[in-house]
Amino acid sequence: MLQDVLQQIEQRNRFVLTSHARPDGDAIGSALACCQVLRAMGKQADVVLHDGVPRIYRTLPFADQVLQADRIAGNYDAAIILECDSIHRTRLEGLENRFLISIDHHVSGRPFADVNWIDPHAVATGEMVFRLAREAGTPFSPEMATCLYTALMTDTGSFMFQGTNEHTFALARELVLAGADPSHCARSIYFAHSVGKMRLLGEALRNLNTEGNVGWTWVTQKQMERCDAKEEDCEGLVNYVLSIGELEVAAFFRELPDGRLRVSLRSKGKLDVAQVAEGFGGGGHECASGCSVDGPLLVAVRRVLDQIRRGPPVQ
Ligand code: 5GP
């Protein structure tokens, strides 16, 4: 798996790296770090993302070199797709006929590429990039460490989500020793919100509903416009719902311009929300998943809640 990936990389020279649309900290951090690993191996590498780098991740090393595009046009020998279970989720055209390498840690990860390294035991794709760097024997720079620490910190919910264990902290220790500054990384992400995001949070909390141990909320297109909020400002709003003591599961619905809904699901561990999301064509992890469903809003809410009620417990 890891050896296959490394072998394929060694045989090629020019790489394009990408991840899913609406990239989160693990998508950005692991892509930026992997790009640095490849460059340290003497390869040419570019990171291309459909949505570019969200505001809170723009201070990451080399984030300013990320290319925003709708299609991959360059002359590359291979594309490395990180933290993403399909070409479709990258929202990029021009990947279809290329040699594809997938590096992913989702339980819902599918082997869609020519070489697939999927490890659901890794707490973040960043952890896998760390192992790749180790195996490749590349020198480990503070910039790589900063990108990987950010991937680890965000995908473990600041070292709080299920799956965080002694290995997670051992890896964090390695990254800090290599030059990642924990308080700087945390400050850049958690104390860097826009005013629009905070206003949107207010709207979302006003729409809060609970039923038994399930809580949900939503924001409409109109509310987003009123708050001057962007798509990326919705990241993490679902966690405010999950923070309510008596809830086990939280859902957040964002109305899309075409009337469909983007859904974020979170669980404290008793219900497997990856399976709920997969039922709607999405995916993710047992405790954090997402999908898109048809509108209107109230119908979508009802369908998702029904599925949560019927949902399978964590094995
Ligand atoms: P979020 O709710 O933050 O968008 O996503 C939570 C987790 O579920 C992330 O790991 C994300 O990659 C995954 N996820 C979200 N939406 C989708 C989707 O539509 N398809 C798949 N396969 N995974 C998703």
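Read the numbers this way: they start at 1 and go in the same order the structure lists the ligands and their atoms.
At a 4.0 Å heavy-atom cut-off, ligand 1 does not touch Glu235 at all.
In terms of protein heavy atoms, atom 4 (O) of ligand 1 is closest to Arg22 NH2, 3.5 Å.
Of the candidates Cys287, Ala288, Gly283, the one placing a heavy atom closest to atom 14 (N) of ligand 1 is Gly283. Comparing Arg89, His20, His285 against atom 11 (C) of ligand 1, the shortest heavy-atom distance belongs to Arg89.
Below 3.5 Å of separation, one finds an N or O of Arg266 facing an N or O of ligand 1. Of the polar atoms of Ser264, at least one N or O is found under 3.5 Å from an N or O of ligand 1, judged by distance alone.
In summary, the side chains of Glu203 and Gln223 do present a donor paired with an acceptor at a separation below 3.5 Å, with no hydrogens or angles considered.
The cationic group of Arg303 does not satisfy the cation-pi geometry with Phe280, failing either the under 6.0 Å distance to the six-membered ring centre or the 45° limit from the ring axis.
Ligand 1 lies nowhere less than 4.0 angstrom from a heavy atom belonging to Ser292. Residue contacts with ligand 1 do not include Glu278, since none of its heavy atoms lies under 4.0 Å from the ligand.
Partners of Phe112 under the ring pair (Phe, Tyr, Trp, His ring centres under 6.0 Å) rule, at least two apart in sequence or in another chain, do not exist in this structure.
A tilted orientation is assigned to the rings of Phe159 and Tyr149, their planes being inclined by 30° to 60°.
Listed by first and then second residue, the ring pair (Phe, Tyr, Trp, His ring centres under 6.0 Å) pairs that reach into residues 42-85 come to none, sequence neighbours excluded.
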